[in-house]
Amino acid sequence: MDTAIKEKIPYSIEHRLVRPDGSIRIVHERGETSYGPDGTPVRMVGTVQDITERKQTEDQLTLASQVFENALEGVIITDTTGMVQFANPAVLTITGYTPEEVIGQNPRIFRSDRHPREFYEKMWKSIATEGGWQGIIWNRRKDGEAFPEWLSITAVKDYTGKAMRYVSVFYDMSLIKQSEDTLRRQAYEDALTKLPNRLLFEDRLATSIASAGKAGGKVGVALIGLDRLKNINETLGFPAGDQLIQKAAERLRPLVNDGDTLARFGGDEFVCVLNDLKDEQDMVKMMLSMLEGLSLPFSIDGRELFITASAGAAFYPSDSSDSATLVQDALVAMRRAKNQDRNSYQLYTTAMNTRSYERLSLENDLRRAIGREEFAVYYQPKLSIKTGAIVGMEALVRWIHPVHGMVSPVKFIPLAEETGLIAPIGEFVMTEALTQLKKWVAHGYGDISVAVNLSAAQFRDKGLLKTIGNTLDHVGIAPLRLDIEITESMVMGDVNAAITTLKNLRDMGVRISMDDFGTGYSSLSYLKRFPIHCLKVDRSFIRDIPANADDVAITSAIISMAHSLNLTVVAEGVETMEQLEFLRANACDELQGYLFSPPVPAPEMGKMLASGKSLYALK
Ligand code: C2E
Ligand code: CA
Ligand code: CA
């Protein structure tokens, strides 16, 4: 106004008014100023128009056009003849046509020819009668590609109800389909590690349990938790923690078979499902290899980080038959492991734990024992009952464990058989025993032989003859100095194969004894078929002689029948003079037992041989 007055021009301004009730109006004010003869302004004449509503409509229009401009949906407005009057930028992104190319055209340019004419007829009928149409329609982009779009057409009518324009809003459904796929994947995948997430894990576990239930199989669930993650997050920051989890996942993934599942369970926890589990031990092995894998240093941001982990496992169906409880059990086991040693595992069932732990640590120790030369051979003399002289000895292996001391062969031989460690152990015993015997023979300790026990696995081994032959050659001792002890169960499986092996051994010149006789099949008629030299009556028959009349009868029957087959008879576990008297009366040939000596280390055995110690000097 000031400017208008000064420059003597009309004015036109828009401004706000605040009414007494506080409401705001916007007005358009125009005016002219009249001036006196001396040029001073005397009055103003003009109009004030309330333009509040118009202003609001304008704002809304700006807003609407901004919405159109920025919308992801394509918007096309046509007049009643179908000519496009307006197209927003999204039309370009979706169809490939610029708004300029579209304006003035008929939307027919988008047609894909995928729909029959009736489709369009129905569409227009719906627009005419119901004022609009919505649905999926296949259209074609400028480059020719057909795509599905969600289309909504609305008729804009004038006040008489006559359609003036049609507004079409549409979006590209092929994009939606793609993102649905991504969403589905994201729902089952852990974003950080790309491993299956907890949801997918639960799904898979349920499936595993269901199929194991039908097939009568076992399923194992193990949780593996990183112990120090919280610490690392706090000191080095979350990105470092994330990197650690990624790298841990990379280490764990290759350890798990395709048919099994490794998933990210939560923050610092992984979970592993093993299907078709034969033995709980396999799960223990898996956990151990995972713990071992995680115990190696991680390089994060050029820094070497060491972490520890804890693992816990539970099994279907022995621990629980329901998946949620199974996971809970594994969690309990993992917490127990965390509270014990770091880098350790626990099984939910504690009893199983101890068994498995003992077995496992024994197995690991056994492996190391071979390299560390923790084995020793003890000797138990074998005596002639007739003369009382030492005629030989049985080699019995001993494991001197650095922590547990002497471990009984009854405990570790079966384990050695299962793990294949029996081969090196057996070879060690035979070489050691023969080398030792050779020294004793050289000292002139008589016509003695050494008996070596064979395990079932060794007996079945195709290379047995070669191994024995090589050992004899290597040591440089006559085969008749070696007595091989086998058991009935070893020859009863494949009788013909056993006979062949035994014949070959006999032809080599090695002597063969049937150990623990009476505890197995004890078939004397079978014995006839085997080319053996000696029969050892099991300790269990000797133990209760002479008190037990049955044992007395059986033992004397075995002795006389063995003699009829030309076999030498050895009584095992002879502890008393009464037993010795009985054996002598029944013409048993030889004996072994605490009565004369327990198994002893080589130097003591050597002393016995040197002193010419006799059974009858005991009296
Ligand atoms: P086995 O061949 O029957 O060995 C005899 C076992 O009876 C030995 O136990 C011996 O210490 C024990 N014994 C000897 N005399 C008496 C006695 O008067 N009273 C009592 N109560 N026991 C007596 P050990 O040394 O513990 O060996 C146990 C088993 O381990 C052996 O039974 C044998 O089957 C196996 N074994 C030992 N050494 C070897 C080996 O080098 N290779 C293989 N494959 N098995 C072996
Ligand atoms: Ca034996
Ligand atoms: Ca025996």
Side-chain angles (χ1 to χ4, degrees), residues 366 369-370 374-383 390 392-401 405-437 449-461 464 467-468 471 482-490 511-520 522 532-545 555 558 569-580 583 590-602 604-605 615 618:
L366 195 60
I370 296 168
E374 289 170 5
F375 296 107
V377 179
Y378 275 40
Y379 301 90
Q380 186 175 37
K382 229 194 291 186
L383 299 120
I390 298 173
M393 63 283 296
E394 178 175 0
L396 293 157
V397 69
R398 294 290 179 264
W399 177 13
I400 321 293
H401 189 282
M406 186 112 80
V407 184
S408 162
V410 178
K411 239 185 167 172
F412 73 83
I413 294 285
L415 191 61
E417 282 219 297
E418 250 178 73
T419 52
L421 292 168
I422 191 67
I425 296 174
E427 278 175 44
F428 162 77
V429 173
M430 193 173 290
T431 310
E432 180 69 20
L434 288 171
T435 310
Q436 188 56 63
L437 183 75
S449 63
V450 70
V452 173
N453 293 283
L454 271 202
S455 77
Q458 283 172 287
F459 188 70
R460 276 195 311 267
D461 184 6
L464 174 69
T467 309
I468 294 179
T471 312
L482 177 63
D483 193 336
I484 296 283
E485 294 194 5
I486 57 166
T487 60
E488 290 167 281
S489 55
M490 280 155 64
R511 287 173 55 89
I512 299 151
S513 296
M514 185 62 81
D515 201 358
D516 304 342
F517 189 77
T519 57
S522 314
I532 58 170
H533 304 90
C534 172
L535 193 151
K536 298 182 82 173
V537 183
D538 191 68
R539 202 179 77 208
S540 56
F541 296 102
I542 309 297
R543 194 179 50 218
D544 297 331
I545 286 174
T555 306
I558 292 175
V569 185
V570 181
E572 293 188 305
V574 178
E575 296 183 352
T576 67
M577 289 306 288
E578 286 88 348
Q579 290 165 347
L580 171 59
L583 294 168
E590 293 166 10
L591 70 77
Q592 254 180 275
Y594 293 172
L595 173 67
F596 185 76
S597 170
V600 293
E604 280 174 53
M605 182 72 229
L615 186 55
L618 292 169

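As the structure lists them, so they are numbered: ligands from 1, and atoms in each ligand from 1.
Neither the backbone nor the side chain of Q592 comes within 4.0 Å of ligand 1, counting heavy atoms alone. At a heavy-atom distance under 4.0 Å, no atom of V377 approaches ligand 1. Only side-chain heavy atoms of V429 come within less than 4.0 Å of ligand 1; its backbone N, CA, C and O stay farther off. At a heavy-atom cutoff of 4.0 Å, ligand 1 is contacted by no atom of V452, backbone or side chain.
Protein N/O/S atoms found under 3.0 Å from the Ca ion (ligand 2), listed by chain and residue number: E394 OE2, N453 OD1, E485 OE1, D515 OD2.
Residues E604 and S597 form no side-chain contact, since every pair of their non-hydrogen atoms from C-beta on lies 4.5 Å or further apart. Within the 4.5 Å cutoff, no side-chain heavy atoms of P409 are placed close to those of L396. Proximity of L464 to L454: side-chain heavy atoms (C-beta onward) are separated by under 4.5 Å at one or more points. In this structure, the side chains of L434 and V452 stay at 4.5 Å or more apart for every pair of heavy atoms.
Less than 4.0 angstrom separates atom 28 (C) of ligand 1 from at least one non-hydrogen atom of the protein. For atom 9 (O) of ligand 1, the nearest protein heavy atom lies 4.0 Å or farther away. Within the 4.0 Å cut-off (strictly below), a protein heavy atom is located near atom 38 (N) of ligand 1. For atom 44 (N) of ligand 1, a protein heavy-atom neighbour is found at a distance under 4.0 Å.
Checking only distances, R539 does come within under 3.5 Å of ligand 1, N or O to N or O. At under 3.5 Å, a nitrogen or oxygen of V397, whether backbone or side chain, sits near a nitrogen or oxygen of ligand 1.
For H401, the side chain to side chain contact (heavy atoms under 4.5 Å, CB included) partners two or more places apart in sequence, or in a different chain, are D365, W399, V403, H404, V407. Every residue meeting the salt bridge (Lys or Arg N to Asp or Glu O under 4.0 Å) condition with E485, not counting sequence neighbours, appears here in chain and number order: K536. Legend: residues meeting side chain to side chain contact (heavy atoms under 4.5 Å, CB included) with F428, ordered by chain and number and at least two apart, are F375, V377, E432.
The protein non-hydrogen atom at the shortest distance from atom 42 (N) of ligand 1 is N453 O, 3.3 Å. Closest to atom 15 (N) of ligand 1, if we only count protein heavy atoms, is Q380 NE2, 2.8 Å. Nearest protein heavy-atom contact of atom 13 (N) of ligand 1 is Y594 CE2, 3.9 Å.
In this structure, E417 contributes its side chain and A456 its backbone to a donor-acceptor pair below 3.5 Å.
Using a 4.0 Å cutoff on heavy atoms, K536 does not count as a contact of ligand 1. Ligand 1 has P599 within reach: a non-hydrogen atom of the residue lies less than 4.0 Å from it. Assignment of R543 to the shell around ligand 1 is not supported, since no heavy atom sits closer than 4.0 Å.
Between the side chains of S449 and D483, no donor-acceptor pair of N or O atoms lies under 3.5 Å.
For ligand 1, the atoms lying closer than 4.0 Å to a non-hydrogen atom of D516 are 3 (O). Short contacts between ligand 1 and V574, defined as distances under 4.0 Å to a heavy atom of the residue, involve ligand atoms 18 (O). Within ligand 1, the atoms closer than 4.0 Å to a non-hydrogen atom of V410 are 28 (C), numbered from 1 in the order shown. Close contacts of ligand 1 with G593, meaning ligand atoms under 4.0 Å from a residue heavy atom, involve 15 (N), 18 (O).
Nearest-residue assignment for atom 21 (N) of ligand 1 (options Q579, E575, Q458; heavy-atom criterion): E575.
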